[in-house]
Q: 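Take this structure first; my questions come after.
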Amino acid sequence: MAYWLLKSEPDVYGIDHLARAPKRTSAWEGVRNYQVRNYLRDDFRKGDQGFFYHSSCPVPGIAGIVKVVRAGYPDASAWDRKNQYFDAGSTREEPRWYCVDVQLVRRFKRVITLDELRTHGTRELAGLPLLMRGSRLSITPVNEAQWRFILALEPSH
DNA sequence: GCCAACGTTGGC
DNA sequence: GCCAACGTTGGC
């Protein structure tokens with residue numbers, strides 16, 4: 001089982017939106033970056049878990065945990081002319097973009113902030129893609145040691 | 001709103 | 001295939 005970090009802007013789609021979704025489940029769609037597309041298409045498995053990260057907001061950080069309930073499948077938003085993520089280059093025969101379905105596992109009792117993660121960036125979280133210079137990908141892998149370490153941060157403070 | 005970093009586009 | 005221009009991301 002793999003671990004991931006999924007970024008979203010809370011104003012657009014935050015963890016509270018997912019909490020209110022039917023079955024607390026939603027498609028993670030609209031990804032239009034090839035590297036992230038490859039993760040979604042090739043590497044995501046049902047049962048994988050992910051951190052739900054809030055970006056572009058007053059306090060960026062990890063707000064909770066999701067699990068993958070459906071592995072990669074073609075992103076239908078690319079076929080919808082009215083959708084802001086429409087892409088005429090993606091067809092049903094040859095889909096260009098992929099998505100997964102995620103279900104909220106739980107919200108953290110507190111947001112584990114980017115600042116706090118950075119304080120561990122040279123030790124336990126060295127190499128975490130989120131903390132790497134220039135890292136902008138909306139989905140990045142998290143290894144098991146990093147996953148466990150971040151989970152253990154939640155009860156402290 | 002700024003701007004560093006990085007991806008994409010398109011002319012050549 | 002190069003690379004300048006442009007667009008996007010996302011922290012600050």
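Protein chains get the first letters and strands the later ones, always in sequence-line order, with residue 1 at the start of each.
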Q: May I have the distance from N38(A) (atom CG) to dG7(B) (atom P), rounded to whole angstrom?
A: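 My rounded result for the distance is 13 Å.
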
Q: More than 12 heavy atoms of other residues, nucleotides or ligands under 6.0 Å from CZ of R148(A): is that the case?
A: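 For R148(A), atom CZ is not crowded (no more than 12 foreign heavy atoms under 6.0 Å).
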
Q: Using modelled atom types only, decide if a donor and an acceptor are shared between the side chain of R41(A) and the backbone of Y73(A) within a distance under 3.5 Å.
A: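 Here the side-chain-to-backbone pair does not exist.
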
Q: Without hydrogens or angle criteria, can the side chains of R32(A) and S77(A) be said to hold a donor-acceptor pair below 3.5 Å?
A: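 Result is yes, a qualifying pair exists.
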
Q: What is the distance, to the nearest angstrom, from the CD atom on Q35(A) to the C1' atom on dT8(C)?
A: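 The distance from CD of Q35(A) to C1' of dT8(C) comes to 15 Å, rounded to the nearest Å.
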
Q: Could I get a table of every N or O pair under 3.5 Å where one atom is in the protein and the other is in nucleotides 10-12 of chain C?
A:
{"unit_1": "dG10(C)", "atom_1": "OP1", "unit_2": "K7(A)", "atom_2": "NZ", "d": "2.8"}
{"unit_1": "dG10(C)", "atom_1": "OP1", "unit_2": "R136(A)", "atom_2": "O", "d": "2.7"}
{"unit_1": "dG11(C)", "atom_1": "OP1", "unit_2": "Y53(A)", "atom_2": "OH", "d": "2.8"}
{"unit_1": "dG11(C)", "atom_1": "OP2", "unit_2": "S56(A)", "atom_2": "N", "d": "2.8"}

Q: Among residues at least two apart in sequence or on other chains, which ones pass ring pair (Phe, Tyr, Trp, His ring centres under 6.0 Å) with W79(A)?
A: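 Partners of W79(A) by the ring pair (Phe, Tyr, Trp, His ring centres under 6.0 Å) criterion come out as none, since no residue qualifies.
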
Q: Separation of Y34(A) atom OH from dG7(B) atom C1', in whole Å?
A: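 Nearest whole value for this atom pair: 11 Å.
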
Q: So how far is it from F52(A) CZ to I15(A) CD1, rounded to the nearest 0.5 Å?
A: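 Separation between the atoms: 6.0 Å.
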
